[in-house]
A.B. asks: 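Okay, here's the structure, questions in a sec.
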Number of protein chains: 2
Amino acid sequence: LALQAVQSLGNAHHHIYLYYCGSCTCLVRGTCSFPVAYMGDLPCRVCLSLVFTGRLVHYAKVIPPWKFWKDAKNICIMVIILLTLIDMIIYGSLKMTGYYGVRWSRVLRPLFLVNITEGRLIRRSFRSIRNTLTQVLYVFLLFLFSILMFSLMGLKLFGKRNFETSDGKPYFTNYLDILFDMYVLVTTANSPDVMMPAYDFSVWFSVFFILFIVVNTYIFMSVFLAVVYNNYKKHLKDEVKKLVRVKRYKMVKAFEILKVLMGNEYVIMQSDWNQLVRMVDPSISSSHRELLWSVSDDSQNGYIGKFAFIQLSDLLNIKVITLKSRVHPLKMCLPRLYSSAASRVIRHAVQHKAFVFFYDFIILVNAIFIGLDEENSLLSSVEWVFLGFYLLEIVLKLYTYEPRSFFARHQFWNWFDTTVIIAALLATIINMTLISTEVYNSREVLDIVFILRVLRLIRIVDSIKRFRAIINTLINIGPTMINFGQLILVVYYIFAVIGMEVFKNKIKFYNSNSSEPLSEFCGNDILKDSAFVKSKYCKNNFNNIVSSFILLLELTVVNQWHVLATGFTMVTHVAARTFFVVFHIIVVIIIINIFIAFVLEAFFVEYTVEKCDLQTSIEKKIQEL
Amino acid sequence: LALQAVQSLGNAHHHIYLYYCGSCTCLVRGTCSFPVAYMGDLPCRVCLSLVFTGRLVHYAKVIPPWKFWKDAKNICIMVIILLTLIDMIIYGSLKMTGYYGVRWSRVLRPLFLVNITEGRLIRRSFRSIRNTLTQVLYVFLLFLFSILMFSLMGLKLFGKRNFETSDGKPYFTNYLDILFDMYVLVTTANSPDVMMPAYDFSVWFSVFFILFIVVNTYIFMSVFLAVVYNNYKKHLKDEVKKLVRVKRYKMVKAFEILKVLMGNEYVIMQSDWNQLVRMVDPSISSSHRELLWSVSDDSQNGYIGKFAFIQLSDLLNIKVITLKSRVHPLKMCLPRLYSSAASRVIRHAVQHKAFVFFYDFIILVNAIFIGLDEENSLLSSVEWVFLGFYLLEIVLKLYTYEPRSFFARHQFWNWFDTTVIIAALLATIINMTLISTEVYNSREVLDIVFILRVLRLIRIVDSIKRFRAIINTLINIGPTMINFGQLILVVYYIFAVIGMEVFKNKIKFYNSNSSEPLSEFCGNDILKDSAFVKSKYCKNNFNNIVSSFILLLELTVVNQWHVLATGFTMVTHVAARTFFVVFHIIVVIIIINIFIAFVLEAFFVEYTVEKCDLQTSIEKKIQEL
């Protein structure tokens with residue numbers, strides 16, 4: 001029965017990408033700006049619910065009931081499906097009777113992604129955030145108290161002085177407005193402006209603002225980072241401990257099954273071990289397996305004890321790159337030519353340092369040419385020269401090094417180079433033919449050509465060792481960063497859905513040649529004379545999922561967020577400010593700080609990396625062999 | 001001879017505050033905006049140089065020559081004095097012959113403060129920064145490379161598209177301007193604005209900016225923090241190690257002098273030890289000294305070995321608060337009354353939790369009243385009621401608790417309360433008399449009254465235990481933060497001096513009722529229509545040391561710094577941008593990151609504080625006694 005369950009799970013795993021794709025389309029389609037009528041969206045939503053219900057039923061069948069009902073994920077998905085159904089019915093009936101309904105269940109959609117079995121990493125991130133919240137709460141309350149106090153003081157100091165802001169509005173007269181202004185000042189978004197009227201009157205008033213900035217922007221924000229970081233570290237440690245414990249438990253279980261009595265102790269025989277490793281990871285080559293065995297069985301007895309066996313899981317995690325000293329295919333086909341004096345000179349030259357310097361120099365010259373005006377016909381022919389140089393480089397390298405090891409999986413820069421240069425060659429040819437045939441002069445193709453040309457220059461980074469180290473760290477933390485990106489997307493999606501529900505079509509963007517009378521005021525004449533319109537922010541709106549995401553990104557970057565927030569409050573209600581403040585608290589104060597904590601931790605690990613015992617013992621073995 | 005030297009140093013130490021005061025006045029006066037003629041500044045500068053020369057001569061006399069010449073500080077001060085003299089002569093002669101001269105030696109002045117013996121902490125901070133620089137350099141170069149690449153791509157993508165910024169200027173056409181704009185985007189100061197023209201044209205162009213922000217603002221800035229933080233930690237560890245080593249070395253030396261042969265080992269007798277501790281810190285009470293001895297001499301032999309003796313330096317660092325159970329003075333004078341039933345009820349009530357809750361409630365009600373309009377006569381009489389309540393609280397507490405322990409040194413909140421309330425009482429009385437006599441209705445006194453009233457509300461924080469813990473941490477890191485403040489002041493001073501030399505009187509501030517024709521354009525009609533004038537930033541100028549410091553603080557906060565920078569480049573030259581970019585790199589990327597690292601580290605220490613062995617052994621002893 002257990003075997004059957006495992007097999008079914010395996011099957012489910014194969015189908016999961018289908019589920020994913022289906023739900024993703026729904027997520028996007030359901031929130032698209034294209035004039036999809038409600039009924040057009042309905043099948044998609046029904047289908048989404050059906051997919052997840054089907055999945056759930058499938059799970060309920062193959063998993064023992066007590067285990068199925070104990071799993072919070074399954075319960076969660078059931079509740080979400082139920083809520084979605086209720087919402088569909090309410091919204092549908094409201095719509096049919098002509099009332100306005102809010103499709104609130106859309107907010108729950110990303111929770112599907114979080115709660116399926118495969119969303120383990122996102123779930124872990126959410127758990128990490130939840131753990132941080134209680135710790136952050138107390139600092140946050142203190143921080144809030146500080147803002148309340150400063151606002152009160154501001155009201156008392158400036159409220160009666162009849163100051164005016166730079167656009168002639170009364171300054172520091174309404175407590176709630178002051179509170180918002182002071183919160184914005186914490187984010188530094190209105191930094192000198194909010195101070196100027198008071199500062200113009202007296203230098204002493206600047207002390208009030210300086211104190212506020214030092215206490216709230218510098219000290220409190222650092223404390224937030226400290227609390228989040230501390231929690232992140234603790235959480236990471238706990239997770240790692242838990243994982244290690246589970247791993248050890250499983251390895252001990254495996255040992256109990258495979259053990260053989262030898263003398264007065266239980267051991268694992270080499271043949272059993274070999275079979276196991278082959279089953280666990282069939283991609284491991286036999287030489288690699290032999291290496292692992294000789295590390296485990298240090299005294300070459302032909303069997304290993306419990307301790308050495310448990311180490312296996314760690315051994316398998318150590319990346320061993322097998323460099324096969326393959327013979328160059330040209331040497332196989334044309335041995336005479338490839339070994340000739342001229343050929344050897346070429347190969348020596350390519351392997352020489354001067355070759356790298358020469359190409360670094362060419363890249364620098366190329367950078368200057370790219371900076372110049374490309375409409376000059378001379379320059380566009382120079383481009384061919386550079387392309388020729390780069391192609392020659394690749395050909396020469398392929399001539400010198402064995403192609404399969406040149407394009408090995410870990411050779412990131414070789415892949416990068418070749419892809420960029422071949423793409424640039426293709427794009428340039430396409431562009432040339434388009435221009436020469438004069439059928440269609442595409443700016444887009446030219447854009448791609450330019451991007452590829454500039455990307456080519458990045459290669460120079462690889463020549464400097466110190467840069468390579470930094471970039472390798474960044475590449476190493478890439479996968480976790482993608483996990484982080486998913487987390488951000490889920491949070492953005494929730495806010496985007498709420499934002500679209502509340503602010504949709506309140507602010508519209510018109511092209512500059514539009515005939516719409518209100519096109520200058522983002523289609524809403526309440527915004528006349530507002531900073532929102534003056535800064536031409538009309539395209540920053542919640543009218544579709546893409547522009548919502550870009551707007552939320554702008555809010556994450558923080559600068560000018562108060563202008564955006566004020567624009568949306570003007571067209572709705574003052575209470576809409578809470579949406580933006582809550583977004584700032586959740587995304588900037590918590591999630592971005594987790595991101596910073598994560599980058600910090602990753603770099604510290606890189607800095608203090610000390611090879612573990614196992615790794616050194618493997619290296620020793622390799623040197624011995 | 002050595003003793004003499006130490007004594008002289010001791011004397012010098014007493015005189016140092018005089019030196020400090022003298023030099024500080026010079027620092028401020030020499031850069032004042034008040035119309036002090038050059039000749040008026042001269043005596044001060046001469047005096048400053050003389051003071052330091054005198055100090056140097058004094059040192060040279062009392063310190064052995066080889067030690068004097070080995071000390072880099074002394075050499076440094078000599079060079080600075082020499083340079084200052086040269087500058088004075090050049091500037092004086094240029095001035096007399098009618099030429100314009102730059103007083104470049106003013107930049108060197110803060111180095112006096114850094115290089116005197118007492119500037120140890122600042123020197124350490126500078127050393128820490130210097131150590132960080134090499135590490136930061138590589139990341140910085142990579143970061144610069146990234147900006148260069150993105151700018152080049154931006155030029156190619158948008159340069160030919162004839163976009164316009166929101167104020168109708170050409171968009172992304174000049175490479176150097178793009179570079180500046182992109183650097184500003186890293187600091188997020190022009191966040192959505194710089195993107196809008198391209199974004200309005202096509203959603204795809206936003207990808208360029210999003211990628212730029214993710215790479216440079218988020219990843220690179222975090223990496224900077226990581227590098228600075230890592231270095232800070234390493235440096236801190238090294239410093240602590242060095243200090244411990246020096247301490248141990250000195251303690252061993254002291255042991256060698258005081259040791260007495262007892263049996264077959266050298267020991268220190270209690271009487272010698274007592275004498276030593278009394279000489280080292282006369283403020284330690286005899287009971288405290290006995291406690292320390294009983295911790296050191298655990299088996300009560302009357303003597304201690306080398307190891308226990310070396311621990312002494314750590315023992316002295318542990319803060320032991322001596323709580324004397326003093327008898328209340330009223331009990332001494334009026335024993336009958338103080339012990340009566342009514343008196344006991346009062347004292348019980350004050351010690352009860354409800355008493356704290358009652359006053360917390362009063363504070364909350366008071367907060368609401370403060371928020372209301374104070375011109376209502378009813379409200380101003382309510383203020384007297386609140387003052388009465390607070391005074392009553394202090395009186396009751398003084399009645400219940402012994403006054404000397406109530407005002408003990410570590411009772412921060414008692415001191416705070418009493419000071420604020422008595423000051424508020426005085427200020428309110430002064431204000432009332434001023435109003436009633438109608439001689440002078442001072443807004444300033446009223447300001448102070450308001451500030452004190454609001455400060456009173458802070459007390460509520462103390463009632464919540466969790467808040468108290470956070471605030472205690474903040475108070476604990478206070479002294480180091482002051483050291484940090486000094487560092488910032490030195491850096492600010494250097495930039496302020498350069499700024500005043502370059503930008504002085506290029507931008508002027510006029511009151512709103514000024515008759516000056518150019519008052520609207522900050523006294524400079526080049527600024528007409530600039531964002532600088534539109535935002536009314538005229539008072540942000542380098543005309544005197546105070547406004548320079550405030551301006552530099554605004555630049556540190558980052559927001560709108562490009563508007564300020566552009567204003568100053570318009571009235572001088574495009575090259576002036578470098579001043580602002582360099583300031584940003586040094587202050588925001590390096591120093592503020594050190595500050596954040598420091599707060600992080602302080603909080604981690606607070607979180608993971610585990611009492612050291614010595615501290616626990618002291619506590620055990622105290623419990624035993």
Side-chain angles (χ1 to χ4, degrees), chain A residues 138-139 142 145 149 152-153 155-157 166 175 188-193 196 199-200 203 206 210 213 217-219 222-223 225-227 229-230 367 370-371 447 450-451 454 457-458 461 466-467 470 474 509 535-537 539-540 546 550 553-554 557-560 595-596 599-600 603-604 607, chain B residues 138-139 142 145 149 152-153 155-157 166 175 188-193 196 199-200 203 206 210 213 217-219 222-223 225-227 229-230 367 370-371 447 450-451 454 457-458 461 466-467 470 474 509 535-537 539-540 546 550 553-554 557-560 595-596 599-600 603-604 607:
Chain A
Y138 285 97
V139 181
L142 202 59
F145 177 75
M149 287 294 100
L152 190 57
M153 219 180 260
L155 176 68
K156 291 283 121 179
L157 284 180
S166 66
Y175 187 67
T188 76
N190 59 359
S191 163
D193 307 280
M196 289 321 287
Y199 178 42
D200 282 349
V203 173
S206 69
I210 291 172
I213 287 173
T217 308
Y218 288 112
I219 298 177
S222 305
V223 172
L225 179 59
V227 172
Y229 186 18
N230 191 52
I370 291 174
D447 282 346
F450 286 139
I451 291 172
V454 176
L457 305 179
I458 292 178
V461 168
R466 291 266 202 154
F467 287 175
I470 299 167
L474 290 178
F509 173 70
S535 313
K536 298 199 175 162
Y537 286 165
K539 200 158 183 181
N540 296 321
V546 175
I550 293 173
L553 188 99
E554 288 170 11
V557 174
V558 168
N559 197 57
Q560 296 287 73
F595 175 76
I596 294 173
V599 174
L600 286 181
F603 260 76
F604 292 159
Y607 276 125
Chain B
Y138 286 97
V139 181
L142 201 58
F145 177 75
M149 286 296 101
L152 189 58
M153 220 181 260
L155 176 69
K156 292 282 122 179
L157 285 181
S166 65
Y175 188 67
T188 77
N190 59 357
S191 163
D193 307 280
M196 288 323 287
Y199 178 42
D200 282 348
V203 174
S206 70
I210 291 172
I213 287 173
T217 308
Y218 288 112
I219 296 177
S222 304
V223 172
L225 179 58
V227 172
Y229 185 21
N230 191 51
I370 291 174
D447 283 347
F450 286 140
I451 291 171
V454 176
L457 305 179
I458 292 179
V461 168
R466 290 266 202 154
F467 287 177
I470 299 167
L474 291 177
F509 173 70
S535 313
K536 299 200 175 161
Y537 286 165
K539 201 159 181 180
N540 296 323
V546 176
I550 293 174
L553 188 99
E554 289 170 9
V557 174
V558 168
N559 196 58
Q560 295 289 74
F595 176 77
I596 294 174
V599 174
L600 286 181
F603 260 76
F604 293 159
Y607 275 125

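Keep in mind that this is a model prediction, so the values were computed, not measured. Convention: sequence-line order gives letters A, B, ...; per-chain numbering from 1.
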A.B. asks: Working to the nearest 0.5 angstrom, can you tell me the gap between B:Gln560 CD and A:Asn190 CG?
C.D. replies: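 Between B:Gln560 CD and A:Asn190 CG, I get 9.5 Å after rounding to 0.5 Å.
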A.B. asks: Check B:Met153 against A:Ile451 and note the closest heavy-atom contact, atom names and distance.
C.D. replies: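 Closest approach of B:Met153 to A:Ile451, heavy atoms only: CE-O, 4.0 Å.
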A.B. asks: To the nearest 0.5 Å, what is the distance between CZ on B:Phe603 and OH on A:Tyr229?
C.D. replies: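 OH of A:Tyr229 is found 15.5 Å from CZ of B:Phe603.
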A.B. asks: What residue in B:Asp193, B:Ile470, B:Val599, B:Ile458 has the most heavy-atom pairs under 4.5 Å with chain A?
C.D. replies: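 Max contact count across the listed options: B:Asp193.
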A.B. asks: Flag the one option from B:Ile550, B:Ile596, B:Leu155 with the top tally of heavy-atom pairs under 4.5 Å to chain A.
C.D. replies: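 The answer is B:Ile550.
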A.B. asks: Relative to chain B, which segment of A:Val558 carries a heavy atom at a distance below 4.5 Å: side chain, backbone, both, or neither?
C.D. replies: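 A:Val558 has no heavy atom closer than 4.5 Å to chain B.
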A.B. asks: To the nearest 0.5 angstrom, please state how far the CZ atom of A:Phe604 sits from the CG atom of B:Asn230.
C.D. replies: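 Those atoms lie 5.5 Å apart.
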A.B. asks: Tell me whether A:Lys539 contacts the main-chain N or O of B:Tyr199 through its side chain, where contact means a donor paired with an acceptor under 3.5 Å.
C.D. replies: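 Present.
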A.B. asks: Quick one: which of B:Val139, B:Val227, B:Val546, B:Val223 has the most heavy-atom pairs under 4.5 Å with chain A, could you say?
C.D. replies: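 The residue among B:Val139, B:Val227, B:Val546, B:Val223 with the greatest pair count is B:Val223.
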A.B. asks: Which answer fits B:Ser206, side chain, backbone, both or neither, if we ask what part of it has an atom under 4.5 Å from a heavy atom of chain A?
C.D. replies: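 The side chain, not the backbone.
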A.B. asks: Ignoring hydrogens, what is the shortest heavy-atom contact between A:Ser535 and B:Ser166? Give both atom names and the distance.
C.D. replies: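 Closest pair (atom of A:Ser535, atom of B:Ser166, distance): O-CB, 4.3 Å.
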A.B. asks: State, to 0.1 Å, how close B:Pro192 and A:Tyr537 come at their nearest heavy-atom pair, and which atoms those are.
C.D. replies: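 Minimum heavy-atom separation between B:Pro192 and A:Tyr537: CG-OH, 3.7 Å.
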A.B. asks: Between A:Leu457 and chain B, with a heavy-atom cut-off of 4.5 Å, which part of the residue counts as in contact: side chain, backbone, both or neither?
C.D. replies: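 Both backbone and side chain.
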A.B. asks: Of the listed residues (B:Leu600, B:Val203, B:Leu553), which shares the most heavy-atom pairs with chain A below a 4.5 Å separation?
C.D. replies: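 With the most close heavy-atom pairs to chain A, the winner is B:Leu600.
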A.B. asks: State, to 0.1 Å, how close B:Phe595 and A:Tyr218 come at their nearest heavy-atom pair, and which atoms those are.
C.D. replies: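 Shortest heavy-atom contact: CE2-CB, 3.9 Å.
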A.B. asks: By a 4.5 Å heavy-atom criterion (distance strictly below it), what part of B:Ile213 contacts chain A: side chain, backbone, both, or neither?
C.D. replies: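 Interface part for B:Ile213: side chain.
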A.B. asks: Crowded around B:Tyr138 OH? As in, over 12 foreign heavy atoms under 6.0 Å?
C.D. replies: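 Count not over threshold, so no.
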A.B. asks: Looking at B:Ala367 and A:Leu152, what are the two nearest heavy atoms and their distance?
C.D. replies: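 Looking at all heavy atoms of both residues, the shortest contact is O-CD2, 4.3 Å.
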A.B. asks: Could you look at A:Met196 and say if it's the side chain, the backbone, both or neither that has a heavy atom under 4.5 Å from chain B?
C.D. replies: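 Contact with chain B: side chain only.
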A.B. asks: How close do B:Ala189 and A:Asn559 get, counting heavy atoms only, and between which atoms?
C.D. replies: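 Reported closest heavy-atom pair: O-ND2, 2.7 Å.
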A.B. asks: CG/B:Leu142 to CG/A:Leu474 distance, rounded to the nearest 0.5 angstrom?
C.D. replies: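 Here the interatomic distance stands at 7.5 Å.
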